[in-house]
Amino acid sequence: TQEALAGLDGTGTYVSIERDGNTIIIRQDFNGCYGLYVYRNGERFVISNSFLYLMEYMTKRTRLTLNRDYANHFLIMGLSSMAYSETFINEIEILPRDVVVKIDIPSGTLSTERINYGENTVRLNSAEGMKILDEWFAKWTGIFKNLYEQTPNVMADLSGGFDSRMVFTLLLNSGIDLNKICINSIKAKGYTFEEDYVIASEIAEHFGFTLNNTENFTGGELNYSLDDSVRIAFSSLMFMHNQLQVSGKSKFEDKRYHLVGYWGENVRAYWHLEDNSFMFHNKGGARNFSAGLRKELAASMERIITCLLEGISRKTNIPVSDGLASHVFRETWGRSHFGSISATKVAINTYNICPLGDVELAHLRLNDENCTDKNLLMAVIFTRYCPELLKFRFAQKESISPETLKFAEKICESFPKPETASAPRDFSFVSRDPEVSALLERNNPPIEPDAPSKFVKSVFDSTATRKLFATCFDEELYIYAEEYFRKTIHYPLAKCFTVVAATEVIKHIIISEGTQERSIADDFREFVETGHESNYDRIAGGFVKAYIATRKGARWPFFR
């Protein structure tokens, strides 16, 4: 709508498309949550906000080739992609998160313009810096209050870490009755969940609210089919993330608003390593393999990281050797992790509310010439808005240094808080999704909670996947993924998921060379129809033999 377009400032999770005369203008949010993927061949181009859709579209129209360095880096990365502009396919690139795309209709040409958001440019210890921070505080406490007054379907994360607690600082100052919303804290074993839950429980007891209270949620849930559920996750996550975060098992009738600490790493000390240490850290995944493979994987990761740092250097005008690792989270990792998850959640009518990813907050520097600790901004947020939260410990023995907290207190004393606690935020708000309401009467049966994971594991275990993967990659990578699944508690399918993603790319490359037209959607249908048993093995022999034949220059045989 015109109202929505008028308010676009980078805040949110969106891709907007509008026509202005003879120009089509495509904008994305500040963090680039969806991503804009482009295929170019001379002046010819195709653009999409899904790598999977673009790959499938181009598969039947042109020959595609594998970007082996990206694939190798993807198979050993920690959580999500570190690539600045590269993807699995050499002919497809992802655009930077801070560009606007313009398409000239008469000439059919595409161009991009960079937005200068002025990130990390304003001194925190200044009147301008504290004004930005206080306006950010007023904005988000006002948004929280507005949501609370119009819907009970509000939830907020609370763990033992820094980021959710910074968001909780805003929540405590919004005037909301915390027992009327859901304060979510995971009660489970593994990762840091146990310690997080204990700390969140201590905070809940102190402030007088109950954790994980879902009794106020309203509206029904429209069950997705297994096809749809997995497709949602694959479309947003599969080729840049290694966790199968399938939250899309159903779509809520009444939209839910989820307050999260996403992008908190941008406002505190994180990955602030010198480049050589950063490179060494990210090449660490290669050390799990034998000598020859280790060398190949490390070289691929080194090239991906080098291109990443060079891209950031061109944007920031900072020499490559000057600690560019501090910019990586915002430029790539945060986009491919938090951004892709936030985009996925939209499909289930859940909207991640991310104050720490706000474009205005990004203006502020993290430290000061008189306090070089990059936790200074975080220290000021706690000290200024809720110092009481500093009485509770942080998980994994994390802390803010006493010296930094003292300097934060001095800043707050020098620039007193304004009287207005929050600013009212009026915006269009439609709580209920009428399309979901209309479909609830003929709702699908719910799928099993672990059905998507079973599907991915079934695909991974199939002979077809193993053989097809081995046509391009060392089988040691496949065996490592098997071992990872057996030994890992938290997201055990992570490495299996990367193998499945790489194999899916190989399949599309084969199709692009004139083979059978078969997509992952076909596999979903077979999986459902056969009671969650993969039919991959049925096509394995001819499919793999045909692919090997093309590597030797032979013609493709026709087969069904």
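We use all heavy atoms of the structure for the numbers below, so side chains are in, but hydrogens, waters and symmetry mates are not.
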E195 and R393: CA distance, side-chain angles, deciding distance, salt bridge (charged side-chain N to carboxylate O under 4.0 Å, His left out) verdict: CA-CA 10 Å; E195 185 182 13; R393 64 190 173 91; 3.1 Å; yes
N/O donor-acceptor pair under 3.5 Å between S313 side chain and L309 backbone: no
S48: partners by side-chain contact (heavy atoms from CB on, under 4.5 Å), with sequence neighbours left out: S50, Y53, L54
Check: I341 and T344 side chains under 4.5 Å, non-hydrogen atoms: no
Pair Q396, T192: side-chain N/O donor-acceptor within cut-off below 3.5 Å: no
Exam field: side chain S235 to backbone R231, donor-acceptor pair closer than 3.5 Å: yes
Derivation and outcome, side-chain hydrogen bond (donor to acceptor under 3.5 Å, both in side chains), residues E91 and T62: CA-CA 10 Å; E91 294 76 19; T62 190; over 6 Å; no
Residues in ring pair (Phe, Tyr, Trp, His ring centres under 6.0 Å) contact with Y84, at least two apart in sequence or another chain: none
Donor-acceptor contact below 3.5 Å, side chain N444 vs main chain N223: yes
Whether Y117 and F30 hold their rings parallel, tilted or perpendicular, with breakpoints at 30° and 60°: perpendicular
Y484/Y491 aromatic ring centres below 6.0 Å: no
Pairs meeting criterion ring pair (Phe, Tyr, Trp, His ring centres under 6.0 Å) with involvement of residues 283-307, two or more places apart: F289-Y480
Short side-chain to backbone donor-acceptor contact, N31 and C33, under 3.5 Å: no
Within 6.0 Å of NZ in K315, more than 12 heavy atoms from elsewhere: yes
Non-hydrogen side-chain atoms of T13 and Y351 separated by less than 4.5 Å: no
Sidechain-backbone polar pair: S236 side chain, A233 backbone, donor-acceptor under 3.5 Å: no
Full working for side-chain hydrogen bond (donor to acceptor under 3.5 Å, both in side chains) between N367 and D373: CA-CA 6 Å; N367 57 6; D373 183 359; over 6 Å; no
Donor-acceptor contact present, side-chain Q28 to main-chain P96, <3.5 Å: yes
Donor + acceptor pair across side chains of E296, N72 (<3.5 Å): yes
Short side-chain to backbone donor-acceptor contact, S336 and S80, under 3.5 Å: no
Aromatic F473 / basic R68 pairing, under 6.0 angstrom, 45° off normal: yes
F460 ring center within less than 6.0 Å of Y478 ring center: yes
Those residues that, when tested against T316, pass side-chain contact (heavy atoms from CB on, under 4.5 Å) (two or more places apart): I312, I318, L324, H327
Donor-acceptor contact present, side-chain D196 to main-chain G160, <3.5 Å: yes
Min side-chain heavy-atom separation V167-V260 under 4.5 Å: no
Residue among N375, L377, I400, L356 satisfying side chain to side chain contact (heavy atoms under 4.5 Å, CB included) with R268: N375
Pairs meeting criterion salt bridge (charged side-chain N to carboxylate O under 4.0 Å, His left out) with involvement of residues 485-499, two or more places apart: E483-R486, E483-K487
Test salt bridge (charged side-chain N to carboxylate O under 4.0 Å, His left out) applied to E398 and R165, step by step: CA-CA 13 Å; E398 295 279 5; R165 197 177 303 187; over 6 Å; no
Distance-minimising heavy-atom pair for Y262 and C354: CB-SG, 4.0 Å
Side-chain touch L79/Q243, heavy atoms, less than 4.5 angstrom: yes
Closest approach of S185 to A200 (non-hydrogen atoms, all atoms of both residues): OG-CB, 3.4 Å
Mutual orientation of the aromatic rings belonging to W333 and F338 [parallel < 30°, tilted 30-60°, perpendicular > 60°]: perpendicular
Considering all heavy atoms, the nearest Y224-S229 contact: CB-N, 4.2 Å
Atom of T65, atom of I509 and distance for their closest heavy-atom approach: C-CD1, 3.8 Å
Where S340 and H241 come nearest, the two heavy atoms and their spacing: OG-CD2, 4.0 Å
Main-chain N/O of L364 paired with N120 side-chain donor or acceptor, under 3.5 Å: yes
Residue pair F88 / M55, side-chain heavy-atom distance below 4.5 Å: no
4.5 Å side-chain heavy-atom contact, H337 and T332: no
S453-D450 side chain donor-acceptor pair, cut-off 3.5 Å: no
V459 backbone acceptor or donor facing S462 side chain under 3.5 Å: yes
F45, CZ atom: more than 12 neighbouring heavy atoms under 6.0 Å: yes
Residues forming a ring pair (Phe, Tyr, Trp, His ring centres under 6.0 Å) with H73, sequence neighbours excluded: Y70
Residue pair N242 / G78: nearest heavy atoms and the distance that separates them: ND2-O, 3.2 Å
